[in-house]
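Below: the structure, in structure tokens.
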Number of protein chains: 4
Amino acid sequence: MKAIEIQGSFGLENLKQVERDEPAVKPGQVKLRMKAVSLNYRDLLMVQGLYDPRQPLPLIPCSDGVGEVVEVGEGVSRVAVGDRVCPIFAQKWISGEPTHEKLRSTLGGPYDGTLTESMVLSEEGLVKVPDHLSDAEAATLPCAAVTAWSALVTLGQVKAGDTVLVQGTGGVSIFALQFAKLLGARVLVTSSSDEKLERVQAMGADEVINYRTEPKWGKVARERTGRVGVDHIIEVGGAGTLQQSLRAIRIGGHISLIGVLSGGVSDVNILPLVMGQVKVQGLVVGAREGFEAMNRAIDTNQMKPVVDKVFSFDQAQEAFQHLEAGKHFGKVCIEIPSKA
Amino acid sequence: MKAIEIQGSFGLENLKQVERDEPAVKPGQVKLRMKAVSLNYRDLLMVQGLYDPRQPLPLIPCSDGVGEVVEVGEGVSRVAVGDRVCPIFAQKWISGEPTHEKLRSTLGGPYDGTLTESMVLSEEGLVKVPDHLSDAEAATLPCAAVTAWSALVTLGQVKAGDTVLVQGTGGVSIFALQFAKLLGARVLVTSSSDEKLERVQAMGADEVINYRTEPKWGKVARERTGRVGVDHIIEVGGAGTLQQSLRAIRIGGHISLIGVLSGGVSDVNILPLVMGQVKVQGLVVGAREGFEAMNRAIDTNQMKPVVDKVFSFDQAQEAFQHLEAGKHFGKVCIEIPSKA
Amino acid sequence: MKAIEIQGSFGLENLKQVERDEPAVKPGQVKLRMKAVSLNYRDLLMVQGLYDPRQPLPLIPCSDGVGEVVEVGEGVSRVAVGDRVCPIFAQKWISGEPTHEKLRSTLGGPYDGTLTESMVLSEEGLVKVPDHLSDAEAATLPCAAVTAWSALVTLGQVKAGDTVLVQGTGGVSIFALQFAKLLGARVLVTSSSDEKLERVQAMGADEVINYRTEPKWGKVARERTGRVGVDHIIEVGGAGTLQQSLRAIRIGGHISLIGVLSGGVSDVNILPLVMGQVKVQGLVVGAREGFEAMNRAIDTNQMKPVVDKVFSFDQAQEAFQHLEAGKHFGKVCIEIPSKA
Amino acid sequence: MKAIEIQGSFGLENLKQVERDEPAVKPGQVKLRMKAVSLNYRDLLMVQGLYDPRQPLPLIPCSDGVGEVVEVGEGVSRVAVGDRVCPIFAQKWISGEPTHEKLRSTLGGPYDGTLTESMVLSEEGLVKVPDHLSDAEAATLPCAAVTAWSALVTLGQVKAGDTVLVQGTGGVSIFALQFAKLLGARVLVTSSSDEKLERVQAMGADEVINYRTEPKWGKVARERTGRVGVDHIIEVGGAGTLQQSLRAIRIGGHISLIGVLSGGVSDVNILPLVMGQVKVQGLVVGAREGFEAMNRAIDTNQMKPVVDKVFSFDQAQEAFQHLEAGKHFGKVCIEIPSKA
């Protein structure tokens with residue numbers, strides 16, 4: 001089978017297409033013919049050696065993808081040949097709370113990832129995907145969509161009429177906008193690009209704030225809620241944005257802390273957090289049961305993920321460069337051709 | 001001021017229009033000029049003497065209505081003259097769990113109700129209503145809508161993609177259908193009338209079942225969920241329907257038990273409840289904080305309550321008879337004219 | 001290996017000791033040398049053919065027991081040879097909500113049970129037990145203790161200062177008393193035996209009610225809470241007791257519905273359930289994650305299960321007869337001797 | 001009546017005893033003869049002008065105290081003359097989530113506080129206290145105890161067997177230790193004083209760590225949990241300790257952020273918070289309903305608050321100095337003599 005590996009040392013230039021042996025299927029396992037992959041910022045950091053420099057190489061990158069079941073091992077009952085499924089990000093996180101062991105079973109490092117023609121995985125580590133999604137659309141679900149779902153639903157319990165502030169227009173943020181609207185919430189989106197803000201308005205965002213022209217966007221957001229503050233914030237910026245988030249959030253509000261975008265080291269005045277009885281919830285994707293619940297929501301509402309651009313398997317480097325450039329709106333995907 | 005009283009003894013024929021003194025406003029209180037009232041099945045039972053035969057008379061019936069603030073007492077800060085507000089059903093249930101004391105403060109018995117030109121209430125017992133609603137629409141909120149909201153949101157925590165089964169097309173059920181759709185859920189509705197089922201489909205119901213032609217509707221509902229069962233049931237029928245609900249519900253599912261429709265004495269096999277780890281949650285309207293949250297949801301989504309028919313203040317008896325006849329779809333309302 | 005089977009047809013007289021082949025260990029599996037077993041009412045019903053008459057025979061009965069790991073298959077990492085572990089009741093219910101599939105994987109029917117010298121199970125279906133427990137004590141945990149834990153902690157979220165009413169002195173009830181005291185709750189226990197009530201008082205029960213001398217014990221319990229009602233009821237009686245429970249429970253209270261003791265067909269007035277916003281939660285044991293959490297609580301507090309009597313492996317019938325007679329207080333156990 | 005005021009400008013030296021007119025009782029209000037007061041760190045900061053420099057003076061400081069009801073206004077039903085009650089910290093926070101309005105109604109600033117012979121308050125802003133407590137003990141409850149209760153119970157949902165790490169031996173921390181033990185949890189306490197650590201062990205602390213000799217106490221705490229990490233941390237140090245807390249906490253754990261002790265400006269690496277799916281919950285005392293639940297727990301378990309030293313009303317300055325010196329263990333109280 002063909003696969004893309006990070007070879008020798010980290011760096012986009014070390015992404016190489018290789019030929020590997022087809023993996024064998026043991027009892028309880030399933031073999032997938034991969035159809036499409038989507039890229040996350042984590043995948044880029046991983047290729048660059050910035051996510052986990054101790055990760056042994058070679059490694060097949062990427063955690064998100066979709067494939068077709070082409071072979072099932074002895075005793076497999078959850079899926080059948082022909083099913084279209086996504087591997088879950090943390091292969092051992094089926095349900096319940098995360099643990100160290102569950103969180104160490106992630107694809108695209110330390111486990112080999114999805115940027116390959118074939119994968120063999122435990123039947124437990126798969127979920128079926130809604131029929132109305134294209135392969136590229138389905139490939140976007142495992143990390144970005146599940147993270148947004150965990151933030152708003154599993155952990156955040158957002159309800160109709162709540163106000164949700166979504167930072168930016170990256171993968172998680174666009175899903176958060178879509179899910180928040182599905183749930184009947186009011187949504188504010190921030191971005192530095194008026195063009196992107198127009199696009200989120202077209203998708204249903206109730207209010208937008210350009211944080212370049214409004215650097216004190218936290219105060220602006222608060223004013224847009226009658227000075228009460230927003231109920232929930234999808235915080236992807238980290239150190240650079242948390243202070244404004246603490247201005248925007250209502251007393252008793254909920255901040256989902258997701259981002260590794262701005263480095264992670266922070267100088268934040270945490271006093272408003274105490275005095276406002278604010279909850280800051282770190283989160284890292286989610287369990288398979290949440291993924292399955294999310295798929296029911298996507299299916300019921302015939303929701304479509306936003307795909308920015310689809311690259312071919314031979315253009316994997318270009319796909320990563322496109323992500324790195326940061327001009328995308330929605331997910332960057334790679335399609336894997338059927339073997340002739 | 002004019003009001004409608006149950007006079008002398010119970011019975012629709014004893015609903016009489018009377019002249020009472022205008023009530024005085026004490027510190028912390030607010031005077032409302034009532035604009036519209038809506039009827040609940042509880043109000044009908046109360047007038048008939050079937051809800052609480054020990055209720056002293058005369059009593060102004062009805063718990064639901066909307067009025068305009070025309071005077072505020074000393075120290076009032078939550079509302080101002082000119083605000084359009086609904087009285088809350090249990091005047092002392094502001095937030096938190098219900099208590100005996102909170103539940104004894106309900107309008108339309110033991111307290112005088114809303115079918116009157118003027119009411120004086122504590123400022124704590126009021127909520128402002130969304131601007132886009134007509135008076136008749138706003139008058140429907142306090143019991144029927146809040147009950148549906150408590151069932152699905154406060155206690156039920158329904159999320160997008162869940163399947164909600166709604167029994168019938170009464171006031172609570174229609175609101176439950178609307179809220180469930182707002183929340184992104186999939187909704188099944190049962191009714192004995194194909195015409196009503198067509199109407200709920202036009203409102204967004206995903207599936208309908210005529211329980212007259214399908215008396216084993218619980219089994220049918222289960223089949224419509226791939227034999228998994230529905231996540232949540234709005235159970236308004238009581239004894240007559242709980243057994244079918246226990247067939248329809250999924251393992252671990254949630255039944256909101258609301259109805260006093262079919263009398264309340266039951267002969268139910270509770271074994272499936274144990275073996276399926278089902279939760280049955282009795283519920284009785286809800287707190288002011290839930291009402292306020294619901295209004296944000298209604299406002300954000302510009303949702304409109306379904307009003308079946310609006311009667312004039314002089315037609316109060318006819319309004320109750322219309323409710324009693326059971327042919328309505330949505331809420332039965334009474335408008336109260338401005339004093340000349 | 002030796003095992004006890006229900007042979008030919010149901011009935012205590014058909015419990016027969018047999019010799020079976022030692023089971024082989026596959027990848028991911030673990031072999032246990034069983035040390036002790038405890039009996040549940042479900043096991044008695046199963047042997048009598050009253051629990052599931054369609055269960056194929058022969059069947060090794062009993063779901064609860066403890067064993068020592070004597071062999072581990074390829075890839076096993078959760079346990080090691082020498083560990084003392086309990087099999088979990090529903091072998092596939094690791095965490096999260098129950099499903100049909102999870103609940104069909106129970107020991108003692110449909111799977112062979114614990115009344116045997118050797119078992120081979122998935123490493124996922126085991127939990128380590130606290131060191132301070134004897135084998136007989138450890139054997140009592142999987143059903144009775146986990147059920148009480150799920151009722152009070154996982155689903156009931158009982159907190160210090162809550163009032164818990166425990167019906168009777170059976171296995172689940174005694175554990176519920178012990179856990180409720182661990183959690184800092186106030187506990188009322190009902191029984192028909194003054195002698196048993198003295199024993200529960202010695203164990204820490206704050207109040208006791210003899211339901212033979214006080215058939216309206218629901219009213220008595222309510223009076224003992226200043227007429228507020230109890231917060232939580234461990235309901236094991238079913239049809240015969242639910243009506244009194246509805247008198248005892250406070251507004252907004254929680255009833256854990258566990259019992260199959262009194263048959264399951266019920267004639268209950270459910271109106272108080274609606275009017276009091278009462279939650280009735282059916283429940284069926286619980287997941288492995290709850291079992292593990294419970295073991296931490298037992299360990300931290302050095303809690304000891306109450307063992308009524310320990311029978312030898314040759315006395316299995318007598319053990320079941322002892323349970324059937326209903327004179328026990330705490331759990332009835334069977335020890336399995338080490339092979340010579 | 002006599003009272004202690006902050007007069008003219010902030011500073012301990014400006015605490016002056018004054019004579020004020022006895023306050024009058026309006027409808028719905030209650031007059032208390034104060035019996036005892038307890039000091040919180042917030043009170044010290046307030047007197048020093050460090051908590052809210054814009055607070056107008058004079059102000060009667062202190063939020064915590066207990067008094068006897070000596071007069072009730074028209075319509076009062078929650079308490080009666082002779083009842084011993086505590087004022088609640090935020091007078092308008094009865095139940096539900098906090099809001100800006102609820103949190104602005106706190107005693108000891110902006111409202112006059114408890115260091116006075118007489119107070120008049122709304123009947124809604126009071127709770128009855130357990131009989132077994134002395135006046136000084138009862139006076140400790142409103143802030144320190146309710147804060148610990150909110151952290152562990154209302155928001156933290158700590159259960160038996162969980163591991164709770166408590167920082168230091170201040171007022172909130174000692175209550176947290178006591179409540180955690182009531183709940184059946186395992187408790188680790190940190191302190192810089194071996195003598196204090198001995199005292200907490202005598203009170204039931206399972207493990208202690210001297211953070212002076214073990215500055216990397218987060219790692220030590222993690223090791224003491226088999227490298228899993230603790231479930232819950234009572235974080236009172238703020239900036240100076242949060243980093244170690246993030247080392248001590250388990251994946252998915254809960255940090256209650258309470259402290260304003262170390263200033264509030266922080267330089268914290270928040271990446272472990274994201275990667276470990278940690279929840280950081282700011283909190284600010286709690287609602288009356290939590291206070292009432294806590295009192296039931298204290299009563300049921302006959303728990304006694306730890307009083308370090310009781311000063312007389314004439315020694316108010318000395319009491320604050322004693323708190324400022326930081327040598328206390330438990331609460332610093334002031335008794336108010338009965339008027340002759």
Side-chain angles (χ1 to χ4, degrees), chain B residues 42 51-52 90 93 96-104 147 150-151 154-155 222 227-229 231 235-236 238-239 242-243 246 249-287, chain C residues 42 51-52 90 93 96-104 147 150-151 154-155 222 227-229 231 235-236 238-239 242-243 246 249-287:
Chain B
R42 174 185 183 271
Y51 187 84
D52 179 5
W93 192 3
E97 286 200 63
T99 61
H100 188 63
E101 190 204 357
K102 290 174 181 175
L103 293 185
R104 286 199 52 191
T147 297
S150 294
T154 315
L155 294 165
R222 174 172 289 272
R227 307 201 58 74
V228 169
D231 296 291
E235 169 65 64
V236 297
L242 187 51
Q243 205 72 72
L246 286 171
I249 197 77
R250 75 158 163 84
I251 287 174
H254 187 125
I255 297 175
S256 289
L257 196 59
I258 292 163
V260 289
L261 286 182
S262 55
V265 178
S266 176
D267 182 15
V268 174
N269 180 349
I270 58 176
L271 196 57
L273 205 157
V274 179
M275 301 306 287
Q277 192 150 320
V278 171
K279 183 195 300 182
V280 175
Q281 172 74 63
L283 75 91
V284 46
V285 193
Chain C
R42 174 184 183 271
Y51 188 86
D52 179 5
W93 191 3
E97 286 201 65
T99 62
H100 188 64
E101 189 203 1
K102 291 173 181 177
L103 293 185
R104 285 199 52 191
T147 297
S150 294
T154 314
L155 295 165
R222 175 172 287 273
R227 306 200 59 74
V228 169
D231 297 290
E235 169 66 63
V236 298
L242 187 52
Q243 205 71 72
L246 286 172
I249 197 77
R250 75 159 164 84
I251 287 174
H254 187 126
I255 298 176
S256 289
L257 197 58
I258 294 163
V260 289
L261 286 182
S262 54
V265 178
S266 177
D267 182 13
V268 174
N269 180 349
I270 58 176
L271 195 57
L273 205 157
V274 179
M275 301 305 288
Q277 191 148 323
V278 171
K279 184 196 297 180
V280 175
Q281 172 73 64
L283 76 90
V284 48
V285 192

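Chain A is the first sequence line, chain B the second, and so forth, proteins listed ahead of strands; every chain is numbered from 1.
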Heavy-atom proximity to chain C below 4.5 Å, by part of B/Leu283: both
So for B/Gln281, is it side chain, backbone, both, or neither that comes closer than 4.5 Å to the heavy atoms of chain C? both
Pairwise side-chain contact, B/Leu155 with C/Gln277, heavy-atom cut-off 4.5 Å (strictly under): yes
So, taking the atom named CG in C/Leu257 and the one named CG in B/Leu273, what distance separates them when rounded to the nearest 0.5 Å? 5.5 Å
Below 4.5 Å from any heavy atom of chain C, which atoms of B/Arg227 appear? Answer side chain, backbone, both or neither. neither
Closest heavy-atom contact between C/Val274 and B/Ile258? CG1-O, 3.5 Å
